[in-house]
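Here's the structure, in structure tokens; my notes come after.
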Amino acid sequence: MKLAQNFYDIFYATTQKYHETDDVDAIVANPYEKGTIEHTMFAKNWIDAVQWHLEDIIRDPNIDPLAALALKRRIDRSNQDRTDMVEEIDTYFREKYSDVTPRPDATINTESPAWALDRLSILALKIFHMAAEVSRADASPEHKEKCEAKLNILLQQQADLTTAIDTLLDDIAAGIKYMKVYRQMKMYNDPATNPVLYKK
């Protein structure tokens with residue numbers, strides 16, 4: 001079964017759902033059953049969609065400095081939530097393939113399945129927003145042409161990435177590849193390892 005395209009479809013549909021309100025503070029009901037991987041994928045892309053727009057807002061040259069600081073702190077919390085969710089997804093895959101015995105010549109991939117899916121979630125956002133630029137009513141023909149060329153590249157990237165993720169999952173299932181779950185060690189978030197915090 002090819003999972004990556006199914007997950008991409010969830011990511012893209014979630015991005016569309018976000019834009020029904022286009023509000024970083026909107027509350028959404030996750031349409032998938034709690035405890036399922038689909039529920040996690042929806043929540044993952046929702047975090048990414050909100051953060052995408054927080055990153056837009058904070059780049060307003062006229063933003064109030066205090067508001068910008070509050071937004072920066074919110075983006076930091078969002079990044080941590082995103083990392084935690086990626087680790088949750090990797091735990092899911094590790095448990096899913098826990099009965100697989102890697103072959104003696106099995107190799108590890110440069111990134112885990114969940115971090116590859118993280119890139120796929122961001123790619124869904126890029127594709128949605130680049131498509132919006134192609135159809136933007138107030139944009140020049142030159143702008144639309146440039147954005148259409150970029151969109152075509154993004155769509156090819158999406159096809160390549162979904163194929164690569166499915167190949168990785170197939171290889172893990174077959175014991176050709178094996179995976180490890182490395183917990184992220186973000187030192188700047190930890191009062192015990194950030195010198196600005198522990199020296200206070």
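- Here Glu55 pairs with Arg59 under the salt bridge (charged side-chain N to carboxylate O under 4.0 Å, His left out) rule; sequence neighbours left out.
- In this structure, the side chain to side chain contact (heavy atoms under 4.5 Å, CB included) partners of Ala67, at least two apart in sequence or on a different chain, are Ile63, Asp64.
- Residues forming a side chain to side chain donor-acceptor pair (under 3.5 Å) with Thr91 (at least two apart in sequence, or on another chain): Arg183.
- With sequence neighbours excluded, no residue forms a side chain to side chain donor-acceptor pair (under 3.5 Å) with Asp22.
- Evaluation of the salt bridge (charged side-chain N to carboxylate O under 4.0 Å, His left out) rule for Asp138 yields Arg136 as partners, not counting sequence neighbours.
- For Lys126, there are no salt bridge (charged side-chain N to carboxylate O under 4.0 Å, His left out) partners two or more places apart in sequence or in a different chain.
- Every side chain to side chain contact (heavy atoms under 4.5 Å, CB included) that Ser140 has, sequence neighbours left out, goes to Glu142, His143.
- Within the structure, the salt bridge (charged side-chain N to carboxylate O under 4.0 Å, His left out) test picks out the following pairs touching residues 9-18 (sequence neighbours left out): Lys17-Glu20.
- Salt bridge Asp170/Lys2: present, at least one basic N to carboxylate O contact under 4.0 Å.
- For residues 41-50, every residue pair satisfying the side-chain hydrogen bond (donor to acceptor under 3.5 Å, both in side chains) rule, not counting sequence neighbours, is listed here: Thr15-Asn45, Lys44-Asp48, Lys44-Asp118, Asn45-Ser121, Asp48-Ser121.
- In summary, the side chains of Asn152 and Gln156 do not present any donor paired with an acceptor at a separation below 3.5 Å, with no hydrogens or angles considered.
- Every residue was checked against the salt bridge (charged side-chain N to carboxylate O under 4.0 Å, His left out) condition with Glu148, not counting sequence neighbours, and none meets it.
- A donor-acceptor contact closer than 3.5 angstrom links the side chains of Lys177 and Thr107.
- Listed by chain and residue number, His53, His129 satisfy the side chain to side chain donor-acceptor pair (under 3.5 Å) test with His19 (two or more places apart in sequence, or in another chain).
- Listed by chain and number, the residues in a side chain to side chain donor-acceptor pair (under 3.5 Å) with Gln158 are Gln5 (sequence neighbours excluded).
- There is a side-chain donor-acceptor pair under 3.5 Å between Gln80 and Asp84.
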